[in-house]
Amino acid sequence: MTKTDTDTINASDTNKPQFKNTTAENLAKTLSVLARDIGKRNHLNPSGLKKAINYIKYEFERHGYTADTQIYKADSVDMDFENIIATIPGSTDKDSIIVIGAHYDTYGDTPGADDNGSAVGVLLELARLFKNIKTEKTLRFVAFANEEPPFFKTNDMGSLRYAKMCKTLDENIEAMICLESVGYYSDKPQSQNYPHVLKFFYPSTGNFLSMVSNMPSRKLLEKSTASFKSASKMPIAKLWAPATLVNAITLSDQWAFWKFGYKAIMLCDTAFFRTPHYHTPQDTIEKLDYNKMADVVDGTKQILLDLAL
Ligand SMILES: [Zn+2]
């Protein structure tokens, strides 16, 4: 696009973010705190990590929840980490549990707007929208520590510790919904890439949300995509595959739940198959589309309603 004088004249109007609803506005607020004011939040940046934890707890509590924690000592570094949990106890079937989760840590020096502030924003907004909803089953909103390297797929990964605890307690997690990088969209042709042959079967424009599962979670994927589509304008591309065959579907916290035999799916903007800013300092808040993220909230809210009511 070429900048013209007309653009300059109208700049004060056109540069203002246009939020289509309260949800989009709330998402923008959350992201400005997490990925602009706080920024880097990981073991190499412990003060950012602490601020992010306090912010998430504060938001859960502001919406009327108790912010529970699972604190654990890491094997690989001398630090404690914590998963943060807000729960709506089921009214009639509290032993059946639905988990929705997103990791709040960031990789290296990135401020983590798309990865994974966007997903934390959606998680917190869903917690707000559910605050007065009674569900038959138990619904847990979980913010996970340590998804990023060097902890990914190790015993120090937050979601792994959490899923392991659930298994040890013999909890019936009926479904886990993983939110991973859900804020970057493009209407440009050929803006979407894929691992190997998948590119022949899926859209080449990066304006959709992907929903993926392993083979055992396929029914959950089918039910969830149907719920999502009934409530959201966001286009979906769904994929189920053996986790051993398509590594790309294993790259977030749903993997930890699969490891303990739970059914889980991931909602994602496809991350590095689409965004050029993946894991760089350029993963900043201006790159996000808050109105499209609001569509993700609409669809995901319906998934949770259909699973937990
Ligand atoms: Zn990442």
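Predicted model, so just to flag it, every value in this text is computed and none were measured. Here, residue 1 is the first one in the sequence, and each next residue gets the next number. Atom set for the values below is all heavy atoms of this structure, side chains included, hydrogens, waters and symmetry mates excluded. Numbering of ligands and ligand atoms starts at 1, following listing order.
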From the N, O or S atoms in H279, identify the one nearest to the Zn ion (ligand 1).
NE2
Shortest-distance N/O/S atom, D115 versus the Zn ion (ligand 1):
OD2
N, O or S atom of [X] closer to the Zn ion (ligand 1) than 2.8 Å:
X    : value
E148 : yes
E180 : no
H103 : no

Mind checking the CG-CZ spacing from D298 to F228? Nearest 0.5 Å is all I need.
8.0 Å
Taking F260 as the fixed residue, which of F257, Y262, W258 is the one that meets the side-chain contact (heavy atoms from CB on, under 4.5 Å) rule?
Y262
Is there a donor in the side chain of T250 and an acceptor in the side chain of N247, or the other way round, less than 3.5 Å apart?
yes
For D80, which residues count as a side-chain hydrogen bond (donor to acceptor under 3.5 Å, both in side chains) partner, sequence neighbours excluded?
K73
Under 4.0 Å between a Lys/Arg side-chain N and an Asp/Glu carboxylate O for K238 and E222?
yes
